[in-house]
Amino acid sequence: MDAALSLRFFPEFFLMSVERKSLEQREQMDDLSRLRHSCAHVMATAILRLWPQAQLAGGPPVENGFYYDIALDHAITPEDFEKIEAEMRRVVKANEPFRKEVVSREAAAELARSGRLGALSERGEPSRFKLEMLDDIPEGEEISLFYNGDFADLCAGPHVGRTGNCKAFKLLSVAAAYFKGDSSRESLQRVYGTCFKNSTALREHLEKLEEAKRRDHRRIGREMDLFQIDEAVGQGLVLWKPKGAVIRRELQEFITEELDRQGYSQVFTPHIGRLGLYQTSGHYPYYQESQYPPVVTREALKALADEGCSCAELNNRLEGGRVDGFLLKPMNCPHHIRIFASGHHSYRDLPVRLAEFGTVYRWEQSGELGGMTRVRGFTQDDAHIFCTQDQVAEEIRGCLDLVKVILGTLGMEDYRVRLSLRDPASDKYVGDPANWDKAEAALRDAVSGLGVEYTEELGEAAFYGPKIDFVVKDVIGREWQLGTVQVDYNLPERFDLQYVGSDNQPHRPVMIHRAPFGSMERFAGLLIEHFAGHFPVWLAPEQVRVLPVSDKTADYAGRVRAALAEAGVRVALDATADKIGAKIRRAQIDRTPYMLVLGPREEEEGTVAVRHSRRGDCGSPKLEEFVAMLRGEIDGRRR
RNA sequence: GCCGGUGUAGCUCAGGGGUAGAGCAACGCAUUCGUAAUGCGUAGGUCGUCGGUUCAAAUCCGACCACCGGCUCCA
């Protein structure tokens, strides 16, 4: 439900592994994917030479490489990589041709039963995964095998000509993956590797991975002292430290200005709400798994104790929502809805737009937590719009404009837009189908007017309404949902919301959930990576650092610092006895955008020697000129 | 939650059954210096936690916790 601002995550490799490609798509598979797919076979060949009993599942190419899923009693570790790679090099050197053979379903099944598929020879054990994968191939589709040397695999291809083409490869990691992505099935070892046309391209890719590590928001967050996640406080709970808090404050001010411009009303609501509120909304008890357990009142606890209620019974009643208490809010909409519901509304009052930086809590699985992008408590730049069906289109346009302005100002242009529509064949959706048609048309209309590419995904809508998501990639290529705009026909119904129309009759308003950042935590994390910590001046925790060349200009440096502070600039003074080179190096490492080098020359002329952390030497303007220039850059939120 | 890996000073890391190591950062002293590291010195750690084996555990074993990668999930 709400989803409003659900933080969704679609690993591309997962999609690729479960999607069945059409024949045409396979034909079009680009050269690099083909090469990587072949390299996966080379790796499988090598692994089977080392461990002939290995059972292979699937081994497709993925965005930056390939993997192969393997069941094996020996746990493959990075220490094995060298051994496997050495064996792979032998396979490559042998330059075996990839040979395709189209076979009947029965012939393939026979080979799988004899253990010959995904193997170097017949084995005592059947190729159990291949057998099942064979069953998944639709009737009528061609069934083909690929051979290289002794290795035979069930595979639709296509492949490169010979193993000798896979020259530049490297194994990267090993991880677990469930067979067919089903957590109730066997857990397999997934060995990841990458392959390029030549060693130069491979080296460049590996350097890119190293660079990505340096940009990782967890690393930069620590280096720049922006935030921490403290074991003593709790997993997935972010502490914004003073410097990180500056960034968040600036972002919130920025968005608040935009909201004021667009006619939003700001509200504040508490972090908790009564269980009944969430029973009305439908979030409790159905989504208990992803919530912190309720805060039960003393009275309720005492009554249960007096009754001699057992722990098991208490658990039952809690799960059934039969114990009174409060919930840490998993979303903000119910609170906002109650504000809307507190008064009568004429159609003339609509739309009502209630905005809040609202902090919500969700019990994410421990294995899913990480950095700022997946946490258990986060603040959404949330708002709920209550409007008539006729106003939906216009409101959606406004929401998208907002997202676009925000991402544009920050220069985050590398996102994709996903339009999630209902599955016409399903009947799980609430609301009038005619209204759905209108809402979907309005969303499509708005998003196509945005001037960015988008994909329509049927069946991806929430049951309560269609939505638009802005998805960006982090530094290691994982996709994260940021901004979202969602239409909701469900909650107005559940809370029996009404307004009086021009016909003097009660009508049901439509709700729109939207959050341009998604959450402050996730957004800040991705922003850190986007800028590699080199924030534009308006966001930088420390905007200017004053660097006297020696103690002789300490007084002048002090006056410059004071003048800047007076002008509302976040400025620091490096009064250490270090040489100027060391001071510059330190400011550079701290990613302070502007450094002012002040020596006798500047003091005499009333100037400042300006150095920018990325642009280098920017000349020596008069102090007043620099202040004016800086204020313009800050106030204009220029990048 | 699942599989695997990791956990030694604030950070990056070495070491490894017998008194805990380096570089950077911090602190002190000297240096007063012009665009990415001045020199010398000082201080800093129950080696993630708990338990076991041992004369002796940071080191070996087990459990737990946290982090990293992936899987699953994500109203």
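Order of the sequence lines fixes the chain letters, A, B, ..., with proteins taken first and strands second; residue numbering starts at 1 for each chain.
Gln288(A) comes within 4.0 angstrom of nothing in the nucleic acid, heavy atoms only. At a threshold of 4.0 angstrom between heavy atoms, the contacts of Ile580(A) are confined to the sugar-phosphate backbone, with no base atom among them. Within the 4.0 angstrom heavy-atom criterion, base atoms lie near Ala609(A). Residue contacts for Asp617(A): at a heavy-atom cut-off of 4.0 Å it reaches no nucleic acid atom on any strand shown. Here Ala582(A) lies in heavy-atom contact (under 4.0 Å) with sugar-phosphate atoms only. Nucleic acid contact class of Gly367(A) (heavy atoms, under 4.0 Å, all strands): base.
Between Phe626(A) and Tyr594(A), the two ring planes are perpendicular [angle over 60°; tilted spans 30° to 60°].
The gap from the C1' atom of A63(B) to that of U53(B) amounts to 15 Å, rounded to the nearest Å. Separation of the C1' atoms belonging to U38(B) and C24(B) is 16 Å when rounded to the nearest angstrom. Rounded to the nearest Å, the gap between the P atom of U8(B) and that of G15(B) is 14 Å. Comparing C40(B) with A22(B), their P atoms sit 15 Å apart, to the nearest whole Å. Nucleotides C73(B) and U12(B), compared at atom C1', are 35 Å apart to the nearest Å. Of the C1' atoms belonging to A26(B) and G10(B), the separation is 8 Å, rounded to the nearest Å. Annotation: A37(B) and A25(B) have their P atoms spaced 12 Å apart (nearest Å). For the C1' atoms, the distance from A58(B) to C74(B) is 40 Å, rounded to whole Å.
Sequence order on RNA chain B of the closest nucleotides to Gly581(A) and Arg376(A) puts Arg376(A) first from the 5' end. Mapping Arg611(A) and Ser173(A) onto RNA chain B via the closest heavy atom, the residue that lands nearer the 5' end is Arg611(A).
The distance from atom CZ of Arg601(A) to atom P of C33(B) is 13 Å, rounded to the nearest whole Å. Taking atom CG of residue Leu547(A) and atom C1' of nucleotide U35(B), one finds them 9 Å apart after rounding to whole Å. Atom-to-atom, NE2 of His612(A) to C1' of A36(B) comes out at 16 Å; the value is rounded to the nearest Å. The distance from atom NZ of Lys579(A) to atom P of U38(B) is 6 Å, rounded to the nearest whole Å. The CZ-P distance, from Arg586(A) to A26(B), rounds to 6 Å in whole Å. Between Glu364(A) atom CD and C74(B) atom P the separation is 10 Å, expressed in whole Å. Counting to the nearest Å, the C1' atom of C74(B) and the NE2 atom of His283(A) are 13 Å from each other. When the P atom of U35(B) is taken as reference, atom CD1 of Ile584(A) falls 7 Å away, rounded to whole Å.
Where pairing requires Watson-Crick or G-U contacts shorter than 3.5 Å, the helical stems of RNA chain B with at least three consecutive pairs are B:1-7 with B:65-71, B:10-13 with B:21-24, B:26-30 with B:38-42, B:48-52 with B:60-64.
Of the listed nucleotides (C74(B), U35(B), U38(B)), U35(B) has the atom at the smallest distance from the side chain of Val597(A). Here G34(B) is the nucleotide among G34(B), G1(B), A37(B) with the atom lying nearest to any side-chain atom of Pro600(A). Of the listed nucleotides (G34(B), G70(B), U32(B)), G34(B) has the atom at the smallest distance from the side chain of Glu602(A). Closest approach to the Arg222(A) side chain among C11(B), G70(B), U38(B) is made by C11(B) (side chain taken as heavy atoms from C-beta onward). When the nucleotides C2(B), U31(B), G69(B) are ranked by their closest atom to the side chain of Tyr178(A), C2(B) comes out on top.
Residue Asn332(A) forms a side-chain hydrogen bond (donor to acceptor under 3.5 Å, both in side chains) with just one option from His336(A), His335(A), Lys329(A), and that option is Lys329(A). Each of Lys583(A), Arg545(A), Arg585(A) was evaluated against Asp590(A); a single residue qualifies, Arg545(A), per the salt bridge (charged side-chain N to carboxylate O under 4.0 Å, His left out) test. With respect to Tyr464(A), the side-chain hydrogen bond (donor to acceptor under 3.5 Å, both in side chains) criterion is satisfied by exactly one of Gln486(A), His513(A), Glu493(A): Gln486(A).
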Under the side-chain contact (heavy atoms from CB on, under 4.5 Å) rule, what do Arg559(A) and Glu603(A) come out as? Steps first, then yes or no, please.
CA-CA 10 Å; Arg559(A) 289 200 298 280; Glu603(A) 173 160 21; 3.7 Å; yes
Run Gln288(A) and Tyr284(A) through side chain to side chain donor-acceptor pair (under 3.5 Å) and show every step you take.
CA-CA 6 Å; Gln288(A) 275 189 82; Tyr284(A) 196 89; 3.3 Å; yes
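Dashed line: the shortest gap from a side-chain N or O of Arg219(A) to OP1 or OP2 of C11(B) is not under 4.0 Å. In this structure, Lys552(A) reaches the C33(B) phosphate: one of its side-chain N or O atoms is under 4.0 Å from OP1 or OP2.
Not a single donor-acceptor contact under 3.5 angstrom links the side-chain atoms of Gln189(A) to the base of G70(B). You won't find any donor-acceptor pair under 3.5 Å spanning the side chain of Arg362(A) and the base of C74(B), going by distance alone.
The two residues Gln279(A) and Gly321(A) make their nearest non-hydrogen contact at NE2-O, 3.0 Å. Minimum interatomic distance between Leu327(A) and Tyr292(A) (heavy atoms only, all atoms of both residues): CD1-O, 3.8 Å.
No side-chain donor from either of Ser620(A) and Thr607(A) sits under 3.5 Å from a side-chain acceptor of the other. Side-chain contact check for Thr269(A) and Glu356(A): at least one donor-acceptor pair (N or O, by modelled atom type) lies under 3.5 Å. A donor atom on one side chain and an acceptor atom on the other are found under 3.5 Å apart for Gln53(A) and Asp73(A).
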Tabulate below the donor-acceptor pairs under 3.5 Å that side-chain atoms of residues 573-581 of chain A make, not counting sequence neighbours, or state none.
| residue | atom | partner | partner atom | Å |
| --- | --- | --- | --- | --- |
| Asp574(A) | OD1 | Thr576(A) | N | 3.1 |
| Asp574(A) | OD1 | Thr576(A) | OG1 | 2.7 |
| Asp574(A) | OD2 | Arg586(A) | NH2 | 3.0 |
| Thr576(A) | OG1 | Asp578(A) | OD2 | 3.3 |
| Thr576(A) | OG1 | Arg586(A) | NH2 | 3.1 |
| Asp578(A) | OD2 | Arg586(A) | NH1 | 3.1 |
| Asp578(A) | OD2 | Arg586(A) | NH2 | 3.1 |

Please produce a list of atom pairs where a protein N or O lies less than 3.5 Å from an N or O of nucleotides 60-67 of chain B.
| residue | atom | partner | partner atom | Å |
| --- | --- | --- | --- | --- |
| C65(B) | O2' | Glu231(A) | OE2 | 3.0 |
| A66(B) | OP1 | Gln235(A) | OE1 | 3.0 |
| C67(B) | OP2 | Gln235(A) | NE2 | 2.6 |

